[in-house]
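Structure first, then comments.
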Amino acid sequence: MWDHEIRAMASTHAIIAASVFMATVLPAVLVPGFSVYGTHLLWLYSVSAAVAAVSVSVFWLLGISPPTKKHTLGYKLSRLFRSCLYFFLSCLFFHTVVILYGAPLIESALETFSLAVLLTSLTTLRCLCVLGPNVQAWIRVFSRHGAMSVWDTCLQITVAFTLIGAWLGAFPIPLDWDRPWQVWPVSCSLGAMIGYLTGLVVAPAWIHYHRKQLTYKCK
């Protein structure tokens with residue numbers, strides 16, 4: 001029933017995954033001394049910007065975002081402002097949560113906030129692209145049986161994989177292996193990115209496999 005949407009989803013995810021690859025490879029070619037470990041913050045902001053730019057462009061071209069009821073310039077600017085505000089508030093939220101989970105409060109504050117920006121780019125930005133700046137819709141999607149489309153189900157999967165990946169990435173940090181990827185927040189950001197990319201693969205595959213069992217309420 002949703003074969004066309006599943007194919008569009010798989011293509012979208014392939015483009016986003018390719019943007020992560022390019023955001024990792026191009027700086028390595030153009031910036032002397034660039035590495036995922038050695039210049040981690042540069043890599044982190046590079047992939048965050050790439051995912052954000054490509055996600056916004058692709059979802060806008062596909063028309064996934066809910067249509068606006070008003071077409072005035074003022075309404076569109078208000079919607080853009082609210083989206084930017086939610087993005088910033090999400091960064092603050094993730095920053096606070098990471099600190100509550102044990103990250104340094106003052107020391108490495110830039111690194112912690114940079115991780116928050118990455119998590120926001122991989123999760124909240126996708127919510128904005130699919131659902132718009134509508135908190136009620138976000139709560140509905142992440143409640144039990146709240147998905148109303150394959151894109152809602154995809155959103156649930158990718159966000160869950162991203163956050164689980166970031167959480168699992170924290171486990172090696174206290175171990176005394178003295179590896180470069182144990183420096184804060186390298187393992188968490190790599191875990192989040194691996195989880196995100198895994199979610200991009202798993203989501204369309206899972207939806208395709210369970211498409212006959214999926215039923216959605218009318219919007």
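Excluded from the calculations below are hydrogen atoms, water molecules and symmetry mates; all remaining heavy atoms, backbone and side chain alike, are included.
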Shortest non-hydrogen contact between [X] and [Y], atoms and distance:
| X | Y | value |
| --- | --- | --- |
| Ala192 | Leu122 | O-CD1, 4.0 Å |
| Leu44 | Ser189 | CD1-CB, 3.9 Å |
| Ala203 | Thr158 | CB-CG2, 4.4 Å |

Is the backbone N or O of [Y] less than 3.5 Å from a side-chain atom of [X], with the two atoms forming a donor-acceptor pair by type?
| X | Y | answer |
| --- | --- | --- |
| Ser48 | Tyr45 | no |
| His210 | Trp206 | yes |
| Gln156 | Phe142 | no |
| Ser57 | Val54 | no |
| Ser46 | Leu42 | no |
| Ser108 | Glu111 | no |
| Thr12 | Ala8 | yes |
| Glu5 | Trp151 | no |

If hydrophobic clusters are built by linking Ile, Leu, Val, Met, Phe, Trp and Tyr wherever their side-chain heavy atoms come under 4.5 Å apart, do [X] and [Y] end up in the same one?
| X | Y | result |
| --- | --- | --- |
| Ile207 | Val201 | no |
| Leu105 | Ile173 | no |
| Met9 | Tyr209 | no |
| Ile6 | Val130 | yes |
| Val117 | Leu100 | no |

Task: Step-by-step side-chain contact (heavy atoms from CB on, under 4.5 Å) determination, Cys84 to Leu80 - done: CA-CA 6 Å; Cys84 294; Leu80 176 62; 4.2 Å; yes
Open item on the list: Could you tell me if Ser55 and Arg126 have a donor-acceptor pair between their side chains, going purely by distance under 3.5 Å?
Closed with: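 No, no side-chain donor-acceptor contact under 3.5 Å.
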Open item on the list: For the residue pair Thr124 / Trp138, report whether a side-chain donor-acceptor contact shorter than 3.5 Å exists.
Closed with: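 On atom types as modelled, these side chains do not qualify, holding no pair under 3.5 Å.
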TODO: Check step by step if side-chain contact (heavy atoms from CB on, under 4.5 Å) holds for Phe171 and Ser187.
DONE: CA-CA 9 Å; Phe171 280 81; Ser187 61; over 6 Å; no
Open item on the list: By the ring pair (Phe, Tyr, Trp, His ring centres under 6.0 Å) test, which pairs, at least two apart or in different chains, include something from residues 92-111?
Closed with: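 Every ring pair (Phe, Tyr, Trp, His ring centres under 6.0 Å) pair that includes a residue of residues 92-111, provided the two are not neighbours, is His95-Phe113.
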Distance-only donor-acceptor hits, side chain of residues 20-38, under 3.5 Å, sequence neighbours excluded:
unit_1	atom_1	unit_2	atom_2	d
Thr24	OG1	Val20	O	2.9
Thr24	OG1	Trp43	NE1	2.9
Ser35	OG	Gly38	N	2.7

Open item on the list: Show, in sequence, the C-alpha distance, side-chain angles and deciding distance for Leu155 and Leu131, and conclude whether the side-chain contact (heavy atoms from CB on, under 4.5 Å) test is met.
Closed with: CA-CA 10 Å; Leu155 185 62; Leu131 303 173; 3.7 Å; yes
Using side-chain heavy atoms (C-beta onward) and a distance below 4.5 Å, is [X] in contact with [Y]?
| X | Y | result |
| --- | --- | --- |
| Val183 | His40 | no |
| Thr112 | Pro185 | no |
| Thr123 | Phe161 | no |

Look up atom [atom1] in [X] and atom [atom2] in [Y], then write down how far apart they are to the nearest 0.5 Å.
| X | Y | atom1 | atom2 | answer |
| --- | --- | --- | --- | --- |
| Ser83 | Phe88 | OG | CZ | 15.5 Å |
| Ile16 | Ser11 | CD1 | OG | 11.0 Å |
| Leu125 | Phe87 | CG | CZ | 6.0 Å |
| Leu92 | Thr96 | CG | OG1 | 6.5 Å |

Task: CA sep, side-chain torsions, deciding dist, call: Cys154, Ile157, side-chain contact (heavy atoms from CB on, under 4.5 Å) - done: CA-CA 5 Å; Cys154 173; Ile157 295 172; 5.8 Å; no
Can you give each donor-acceptor pair under 3.5 Å made by side-chain atoms of residues 193-200, sequence neighbours left out, with the distance rounded to 0.1 Å?
unit_1	atom_1	unit_2	atom_2	d
Thr198	OG1	Ile194	O	2.7

TODO: Among Leu119, Leu118, Leu115, find the one that has a side chain to side chain contact (heavy atoms under 4.5 Å, CB included) with Cys188.
DONE: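 For Cys188, the side chain to side chain contact (heavy atoms under 4.5 Å, CB included) test succeeds with only one of Leu119, Leu118, Leu115, which is Leu115.
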